[in-house]
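Residue numbers start at 1 and run along the sequence shown. What's counted below: heavy atoms across the whole structure, side chains too, no hydrogens, waters or symmetry copies. Just so we're clear, the structure is a prediction, and the values are computed from it rather than from any experiment.
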Amino acid sequence: MRALNDCVTSLPRESLKKVTRIGVSGQMHGVIFWKKNQGCHWINSGNLRVFEPRDTSYLITWEDGRCNTDFLASLPQPQSHLSLATGFGCATIFWYLRNRPDFLDSYDAAGTIQDYVVAMLCGLQRPQMSVHNATSWGYFSTRSKTWNIDILRGSGFPVHLLPAVVNAGCVAGKTSYEWCGICQGTEVGIALGDFQCSVYSSATESTDAVLNISTSAQLTFSMPDGFQPEESPNPGEPVAYFPYFNDHYLAVAASLNGGNVLASFITLLSDWIAELGLAIPSSASLYTRVIAAGLSQHETHLTIDPTLFGERHTPDRLASVSNITAAELSLGHATRALCHGIVQNLHSMLPSSRLQESGVRRIIGSGSALSRNDVLRQEVEKIFPFPVLYGKDTDSALGAAMVMVKQW
């Protein structure tokens, strides 16, 4: 929240006074808990009003790995077209219910981190959640746009923690106070999924596919009008269907392995350098050198399967390195192979042939990892036989703003 306040207050003061609507997006799946009417307190920071968290839990992100395969198998089957996975909000709540029920007793509200922000800005008694985020929590039917209340209540789930669900693009409320120079009474949109917003700001044609590599990685294209996914999930299917806007769906290969794998590689190198007793360069400097090494090596036979964090459709899958030869052990070979593996893993989930059959003619690249990494971009262009255009790493924020503008 401090970072959020700092970002907003760094914008031009005169422009902030002119803001008429606020669009919000953020990482889906995760969960934060708080006490109603006590989730934050408003303070003066300099000559501006900001809010700080109070009586909240830590944020449990989508990378929460406590719900293993056996635990998920013990949960009731959801009435949803998406399979349940570790890191989903409802799965995490079930974990606390069975392992630390006293933790849940301390709170009476929950949502994603972006839902929390909207609730605090608007002073909502009960948090609201968009269909985007509700679907990402599990136990939600996109057809009826309702939680699986009977299934959850039958398993003792604390259904009072579930937010009210509204359509993506709706206004959730108005700012209850002046915030960072934005006027009191400014309309705030319901919090949206970062992935859907990134697609919204990137894809300009119905024949565009969007490839996003940030912390994780996704490849997606829009399904035709009227498409409805099957009611029951196929756990082994690598392509899922995410709700978009206006009752449309996106076909999505959502990989858990993207920029986080590259970050783990940088951490590995830093740890090795430290163990050797050498001066450790900054992460940014090390990242720049790693990319330069990868660019110097155009091809490699070294093969890296980068599934360090498993995949939702194959949660027990591990990463591996193969085709190791003495001649291809340089940093450049390793970087090239790792970047190739990240892109190839997405391609194996949603191959070019299916994109072509679905009418895709162009790929739009987006996301912070892709925008910073020329080796990744080269591998995208090698593996996918489509023209590729690149957006910026601010696509998600831009998409949220564009949604709110369109509501006019």
Side-chain angles (χ1 to χ4, degrees), residues 23 25-30 61-63 87 112 114 132-133 135-136 168 192-223 238-245 248-263 306-307 309 311-313 338-352 354-355 358 360-381 383-384 386-403:
S25 72
Q27 287 189 335
M28 301 180 292
H29 306 299
T61 75
W62 63 270
E63 294 177 288
T112 65
Q114 59 268 30
H132 293 174
N133 295 328
T135 304
S136 75
L192 306 171
D194 57 344
F195 172 67
Q196 287 92 335
C197 286
S198 180
V199 174
Y200 191 85
S201 69
S202 302
T204 57
E205 303 291 340
S206 61
T207 53
D208 287 343
V210 176
L211 190 157
N212 179 78
I213 305 180
S214 296
T215 306
S216 55
Q218 302 89 21
L219 176 61
T220 185
F221 63 89
S222 182
M223 296 300 291
V239 175
Y241 298 96
F242 286 14
Y244 193 38
F245 295 98
H248 283 73
Y249 286 84
L250 297 171
V252 188
S255 172
L256 300 179
N257 300 277
N260 50 1
V261 177
L262 290 164
T307 50
F309 303 97
E311 293 293 5
R312 291 194 178 102
H313 62 288
L338 182 59
C339 291
H340 177 86
I342 290 170
V343 180
Q344 182 58 44
N345 181 52
L346 267 179
H347 186 264
S348 70
M349 296 169 68
L350 184 50
S352 299
R354 181 165 178 186
L355 294 176
S358 302
V360 170
R361 296 179 182 175
R362 181 177 67 173
I363 288 178
I364 309 297
S366 67
S368 55
L370 197 59
S371 70
R372 296 173 57 199
N373 190 326
D374 288 335
V375 183
L376 269 180
R377 291 200 291 270
Q378 288 177 356
E379 292 303 319
V380 169
E381 292 161 20
I383 291 172
F384 290 97
F386 300 97
V388 183
L389 297 179
Y390 296 100
K392 300 179 176 63
D393 59 2
T394 55
D395 287 334
S396 176
L398 178 60
M402 289 172 62
V403 170

Can you check side chain to side chain contact (heavy atoms under 4.5 Å, CB included) on Asn212 and Ser366, steps first, answer last? CA-CA 5 Å; Asn212 179 78; Ser366 67; 3.1 Å; yes
For [X] against [Y], the heavy-atom pair lying closest together:
X      : Y      : answer
Leu346 : Ala217 : CD1-CB, 3.8 Å
Gly365 : Leu370 : CA-CD2, 3.6 Å
Phe386 : Ile363 : CD1-CD1, 3.8 Å
Ala251 : Thr220 : O-OG1, 2.8 Å
Gln114 : Leu192 : NE2-O, 3.6 Å
Ser202 : Ile364 : CB-CG2, 3.7 Å

So, the side chain of [X] versus the backbone of [Y]: is there a donor-acceptor pair under 3.5 Å, distance only?
X      : Y      : result
His248 : Pro243 : no
Asn257 : Phe309 : yes
Ser255 : Gln218 : no
Ser136 : Asn133 : yes
Ser201 : Ser198 : yes
His347 : Ser352 : yes
Asn373 : Ala369 : no

Can you tell me how far [atom2] of [Y] sits from [atom1] of [X], rounded to the nearest 0.5 angstrom?
X      : Y      : atom1 : atom2 : result
Cys339 : Ile213 : SG    : CD1   : 8.5 Å
Glu381 : Tyr390 : CD    : OH    : 3.5 Å
Phe195 : His132 : CZ    : NE2   : 10.0 Å
Leu250 : Tyr241 : CG    : OH    : 11.0 Å
Gln344 : Phe384 : CD    : CZ    : 8.0 Å

Are [X] and [Y] close enough that some pair of their side-chain heavy atoms sits under 4.5 Å apart?
X      : Y      : answer
Ile342 : Leu262 : yes
Pro238 : Leu350 : no
Val239 : Met349 : no
His340 : Ile383 : yes
Leu219 : Leu355 : yes
Phe242 : Thr135 : no
Val252 : Gln196 : no

Thr215 meets the side-chain contact (heavy atoms from CB on, under 4.5 Å) criterion, sequence neighbours left out, with Gln27, Trp62, Glu63, Asn260
Can you sort out the partners of Glu311 under salt bridge (Lys or Arg N to Asp or Glu O under 4.0 Å), two or more places apart, ordered by chain and number? none
Quick one, Arg362 with Thr207, criterion side chain to side chain contact (heavy atoms under 4.5 Å, CB included). Give me CA distance, side-chain angles, the key distance, then yes/no. CA-CA 7 Å; Arg362 181 177 67 173; Thr207 53; over 6 Å; no
